Amino acid sequence: MGLGGSTTGLILVVCTGNVCRSPFIERLLRLHLAGSPVEVASAGTGAPAGEPMDPLAADLLTALGADPRGHGARQLTRAVVAGADLVLTATRRHRGQVVAMSPVALPCTFAFRDFALLVHGLGPGGPVGLQEGADGLRELVRVAAARRGLVPPRPAGEVDIVDPYRRGRPVFEQMADEVMGALPDVARALRG
């Protein structure tokens, strides 16, 4: 993927509306990858274009030290997928939607928590890193994809990140906990 030939890698995070889960993950990854040559963006399979991040998601994000300002929901398109070197989705269903839209994205598309499991143990001193920008990101994706058959998959209930949209603060907190449980492995592997 990353068909633009850029030396800067791009991670795309996908959920449904692009107002809760995907911008939450996007902004946390941006925080953890600050200073790296990798960009992070997000989109939704049914995004209300231009809508800001949900206020409850934004509050939780701010409490974690990330900045929710300036987000505007964006609709997922084939062109958006084509620009990504790694696509991380909130659920396995979203992964299926990305791949149905752009079958060529299959090798570089993962549910966020599946990706965390696949890259667990990779990181500083590991085989890959982002110091090379897009090349390092593509190598990490290749390593993660190769581990798909070696790491036993978890049930969808342990992988899918709950959709908190219009469901109250406890569900937003559950979403944040699910993301934060996987984030250390993902960030460690991405930082190399």
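Since this is a predicted model, take the numbers as computed values, not measurements.
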A.B. asks: Give me the atom names and distance for the closest heavy-atom approach of Met180 to Leu28.
C.D. replies: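 Shortest heavy-atom separation between Met180 and Leu28 comes out as SD-CD1, 3.7 Å.
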A.B. asks: Do Ile161 and Val179 come close enough that some side-chain heavy atom pair is under 4.5 Å?
C.D. replies: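 In short, these two side chains touch, coming nearer than 4.5 Å.
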A.B. asks: Out of Leu137, Leu190, Leu140, Leu10, which residue meets the side-chain contact (heavy atoms from CB on, under 4.5 Å) rule with Val38?
C.D. replies: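 The side-chain contact (heavy atoms from CB on, under 4.5 Å) with Val38 is passed solely by Leu137 among Leu137, Leu190, Leu140, Leu10.
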A.B. asks: State, to 0.1 Å, how close Ala105 and Val98 come at their nearest heavy-atom pair, and which atoms those are.
C.D. replies: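 Minimum heavy-atom contact is CB-CG1, 4.3 Å.
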A.B. asks: Treating Arg27 as the side-chain partner and Ala66 as the backbone partner, does any N or O pair qualify as donor plus acceptor under 3.5 Å?
C.D. replies: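 Here the side-chain-to-backbone pair does not exist.
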A.B. asks: Indicate yes or no: at least one non-hydrogen side-chain atom of Pro52 is less than 4.5 angstrom from one of His71.
C.D. replies: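 A side-chain contact is absent here, since even the closest heavy-atom pair is not under 4.5 Å.
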A.B. asks: Quick one: CZ on Phe112 to CG on Leu117, what's the gap to the nearest 0.5 Å?
C.D. replies: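 It comes to 12.5 Å.
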A.B. asks: Mind listing the closest non-hydrogen atom pair of Met101 and Thr77 along with its distance?
C.D. replies: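 That would be SD-C, 3.3 Å.
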A.B. asks: Measuring from atom CD of Glu26 to atom CG of Leu61, what distance do you get when rounded to the nearest 0.5 angstrom?
C.D. replies: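 Answer rounded to 0.5 Å: 9.5 Å.
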A.B. asks: Do Phe24 and Val13 come within less than 4.5 Å of each other through their side chains, counting heavy atoms only?
C.D. replies: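 No, their side chains stay 4.5 Å or more apart.
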A.B. asks: Do Leu56 and Pro164 come close enough that some side-chain heavy atom pair is under 4.5 Å?
C.D. replies: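 No - every pair of side-chain heavy atoms lies 4.5 Å or more apart.
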A.B. asks: Spell out, as yes or no, whether a donor-acceptor pair under 3.5 Å connects the side chain of Arg74 to the backbone of Val80.
C.D. replies: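 Here the side-chain-to-backbone pair does not exist.
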A.B. asks: To the nearest 0.5 Å, what is the distance between CZ (Arg147) and NE2 (His120)?
C.D. replies: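 So the CZ of Arg147 and the NE2 of His120 are separated by 8.5 Å.
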A.B. asks: Does the side chain to side chain contact (heavy atoms under 4.5 Å, CB included) test come out yes or no for Val14 and Arg21, once each step is laid out?
C.D. replies: CA-CA 8 Å; Val14 175; Arg21 295 171 289 180; over 6 Å; no
A.B. asks: Kindly determine whether Val162 and Arg167 satisfy side chain to side chain contact (heavy atoms under 4.5 Å, CB included), including the steps that lead there.
C.D. replies: CA-CA 10 Å; Val162 67; Arg167 295 181 65 192; 3.5 Å; yes
A.B. asks: Checking Arg148 against Phe110: charged group under 6.0 Å from the ring centre and within 45 degrees of the axis?
C.D. replies: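 Here Arg148 passes the 6.0 Å and 45° test against Phe110.
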A.B. asks: Which heavy atom of Ala100 sits nearest to which heavy atom of Pro103, and what is that distance?
C.D. replies: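 Taking Ala100 first and Pro103 second, the nearest heavy atoms are O-CD, 4.1 Å.
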A.B. asks: Please round to the nearest 0.5 Å and tell me the distance separating atom CG of Asp85 and atom CD of Glu139.
C.D. replies: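 Atom-to-atom, Asp85:CG and Glu139:CD are 12.5 Å apart.
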A.B. asks: Do Asp163 and Cys15 touch side chain to side chain, with heavy atoms closer than 4.5 Å?
C.D. replies: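 Not in contact.
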A.B. asks: Quick check against the 3.5 Å criterion: does Arg95 have a side-chain atom that pairs as donor or acceptor with the backbone of Thr109?
C.D. replies: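 Judged by distance alone, yes, a pair lies under 3.5 Å.
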A.B. asks: Any side-chain heavy atom of Tyr165 sitting closer than 4.5 Å to one from Val19?
C.D. replies: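 In short, these two side chains touch, coming nearer than 4.5 Å.
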A.B. asks: Begin with the C-alpha distance, continue with both residues' side-chain angles, and end with the deciding distance and a verdict on side chain to side chain contact (heavy atoms under 4.5 Å, CB included) for Leu150 and Leu118.
C.D. replies: CA-CA 9 Å; Leu150 305 175; Leu118 292 169; over 6 Å; no
A.B. asks: Using the rule that two of Ile, Leu, Val, Met, Phe, Trp, Tyr join whenever any of their side-chain heavy atoms come within less than 4.5 Å, decide whether Ile25 and Leu31 are in one cluster.
C.D. replies: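 They do not share one cluster, since no chain of ILVMFWY contacts under 4.5 Å joins Ile25 to Leu31.
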A.B. asks: Taking His94 for the side chain and Thr45 for the main chain, is one N or O donor matched with an acceptor at less than 3.5 Å?
C.D. replies: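 A pair under 3.5 Å: no.
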A.B. asks: Can you measure from CD1 (Ile11) to CG (Leu88) and round to the nearest 0.5 angstrom?
C.D. replies: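 Nearest 0.5 Å value for the CD1-CG distance: 6.5 Å.
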A.B. asks: Answer yes or no: does atom NE2 of His32 have more than 12 heavy-atom neighbours from other residues, nucleotides or ligands under 6.0 Å?
C.D. replies: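 Correct, the count exceeds 12.
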A.B. asks: Checking the side chain of Ser36 only, and the main-chain atoms of Leu33 only, is there a donor and an acceptor separated by less than 3.5 Å?
C.D. replies: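 Yes, Ser36 side chain to Leu33 backbone: donor-acceptor pair under 3.5 Å.
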A.B. asks: Find the distance between OG1 (Thr62) and CZ (Arg69) and round it off to the nearest 0.5 Å.
C.D. replies: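 Going from OG1 on Thr62 over to CZ on Arg69, the span is 8.5 Å.
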A.B. asks: Within the distance-only criterion (no hydrogens, no angle test), does the side chain of Glu51 pair as donor or acceptor with the backbone N or O of Ala73 below 3.5 angstrom?
C.D. replies: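 No, the answer is negative, given that no donor and acceptor are paired below the 3.5 Å cut-off.
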A.B. asks: Backbone N or O of Val40 within a donor-acceptor pair of the Arg30 side chain at under 3.5 Å?
C.D. replies: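 Side chain of Arg30 to backbone of Val40, a donor-acceptor pair under 3.5 Å: yes, one is there.
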A.B. asks: Show your working on side chain to side chain contact (heavy atoms under 4.5 Å, CB included) between Leu86 and Leu12 and close with a plain yes or no.
C.D. replies: CA-CA 6 Å; Leu86 170 61; Leu12 176 67; over 6 Å; no
A.B. asks: I need the minimum non-hydrogen distance between Ala144 and Val119, along with the two atoms involved.
C.D. replies: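 Ala144 and Val119 have their closest heavy atoms at CB-CG1, 3.9 Å.
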A.B. asks: What I'd like to find out is whether the side chain of Leu29 reaches to under 4.5 Å of the side chain of Leu183, using heavy atoms alone.
C.D. replies: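 Leu29 vs Leu183: side chains touch.
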A.B. asks: For a salt bridge (charged side-chain N to carboxylate O under 4.0 Å, His left out) check, start with the C-alpha distance between Arg92 and Asp114, then their side-chain angles and the critical distance, and finish with the verdict.
C.D. replies: CA-CA 9 Å; Arg92 287 181 178 159; Asp114 276 334; 2.9 Å; yes
A.B. asks: Which heavy atom of Ser42 sits nearest a heavy atom of Asn18, and at what distance?
C.D. replies: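 Shortest heavy-atom separation between Ser42 and Asn18 comes out as OG-ND2, 2.8 Å.
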A.B. asks: State, with a plain yes or no, whether a side-chain heavy atom of Val104 is found less than 4.5 Å away from one of Val81.
C.D. replies: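 Answer no - side chains too far apart.
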